Number of protein chains: 2
Amino acid sequence: MIQQRLLDVAVREFGAKGLDGASTRSIAAQAGAAMSSITYHYGSKEGLYLAAADYVAGQLGGVADDDRLGAAIEAGDSAEARRCVHLLLGGLLARMFEGQADNWALFIMREQMNPTEAFERIYAGPMGRNADALVDLICVVAGTKDRRAAQLAAIALFGQVLIVKAGRATCHKILERETLGRDIIQSYSDHVAANTDTILDRMIAEREEQA
Amino acid sequence: MIQQRLLDVAVREFGAKGLDGASTRSIAAQAGAAMSSITYHYGSKEGLYLAAADYVAGQLGGVADDDRLGAAIEAGDSAEARRCVHLLLGGLLARMFEGQADNWALFIMREQMNPTEAFERIYAGPMGRNADALVDLICVVAGTKDRRAAQLAAIALFGQVLIVKAGRATCHKILERETLGRDIIQSYSDHVAANTDTILDRMIAEREEQA
DNA sequence: GTCTATACTACGATAGAC
DNA sequence: GTCTATCGTAGTATAGAC
């Protein structure tokens, strides 16, 4: 399928070089198609960019069982909500280390730094649902109605996940490795999980202090 | 000074569009100079890019008092080392919110995702020194010789700082704000500081358990 | 639906006037 | 040291053959 090949290459090229930097000639050539096929299928370079954004957004789903997350939030089950926080963050972290992650992660990073219409479309999908769920889950775990505190905690927790991609080169320098093996990935996942529990415990303790 | 104006614009343009995406014509025009002045001063587009990288690297210094950090590490003073960790992370976080930060932060983010020679030059400066100092400080605070654990902790801690830039658009969505006011910035700084203390305390407890 | 051919613009680099 | 002029290449978009 020529459209599928175009999208795969487009995500990689737009991610690596941005909308301006990537060229339709190069994308078409790598996909084994004529440049005019992009115009035919997507109208223009921008059309292909937005199509690539939608494609990326769709691939962000399934990181955790949305139904289970929703049920835990609905039920207000603190213990189950904590398990869901770990499922969500662990799932996201695992995604960051998957082989194809570089392609779409670069695309999203770029949109984060300089958001265009494409970011709205990406965030409207599974990405935004994951973010909302994390905030809701933290509220349930901490037993707090202080949503702002839960939002701040969600950002900090997500930062621990994001850095392995957004600061990949620095991580390699700090760990003195050019590639990260399974043992290090597992160690970091364990460390993040432990941090998460510690932070959630502190939020619970702070809430009980105030009460 | 025409070279200074060229560097300022170059950092912004290369950060926003990358080496390929940015154009020397546009950079020169915004700096109020002829395009050939880039060739004259920097030899080529790549030369200007590397000069911009060096300029960015230099601006990352002074986030914390290097002498004080070094002294705390040298002395093995746990309490002072913890204060230094807060100084370093707090200083970095404050830098992330400074007005001009977008320009150089975008430049560095881009290099993180797709490192070139420019990243080596940036990391060889204050950025790498800050990273090394953070790992050393954590070792002192936790009283551990498990350097790998300190490295993982440093990455997680730094992730909490990085996300406000690398995931800026998502932060705005989560906090339901289009801009982040001083009150929210202060709240997040406090949250990160509290997380940092909690994590360091846990590392100390884990070390004492093993002993 | 996919290709080739082409029009037009913008790019980086260089030469030479001042 | 800064400018204008120009060269060769590569960019997007479009038209039209098949």
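Reminder, nothing fancy here: chain letters follow the sequence lines and each chain counts from 1. Every value quoted in this text rests on a predicted model; they were computed, and no experiment measured them.
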How does each nucleotide of nucleotides 2-18 of chain C score, in 5' to 3' order, for protein heavy atoms under 4.0 Å: base (B), sugar-phosphate only (S), or none (-)?
BBB------BBBBB---
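B/Leu48 CG to B/His41 NE2: the interatomic distance, rounded to the nearest 0.5 Å, is 11.0 Å. Annotation: the span from B/Leu200 atom CG to B/Arg202 atom CZ amounts to 9.5 Å, rounded to 0.5 Å. Here the CZ-CG distance, from A/Arg12 to A/Asp102, works out to 11.5 Å after rounding to the nearest 0.5 Å.
Judged purely by distance below 3.5 Å, without hydrogens or angles, the side chains of B/Gln4 and B/Tyr55 pair a donor atom with an acceptor atom.
Rounded to whole Å, atom C1' of D/dT12 lies 16 Å from atom CD of A/Glu13. One interatomic measurement links the two molecules: CG of A/Leu48 to C1' of D/dG11, which rounds to 15 Å at whole-angstrom precision. One can place CZ of A/Arg5 at 13 Å from C1' of C/dG1, the figure rounded to the nearest angstrom.
Applying the 6.0 Å contact sphere to CD of A/Glu74 captures no more than 12 heavy atoms from other residues, nucleotides or ligands.
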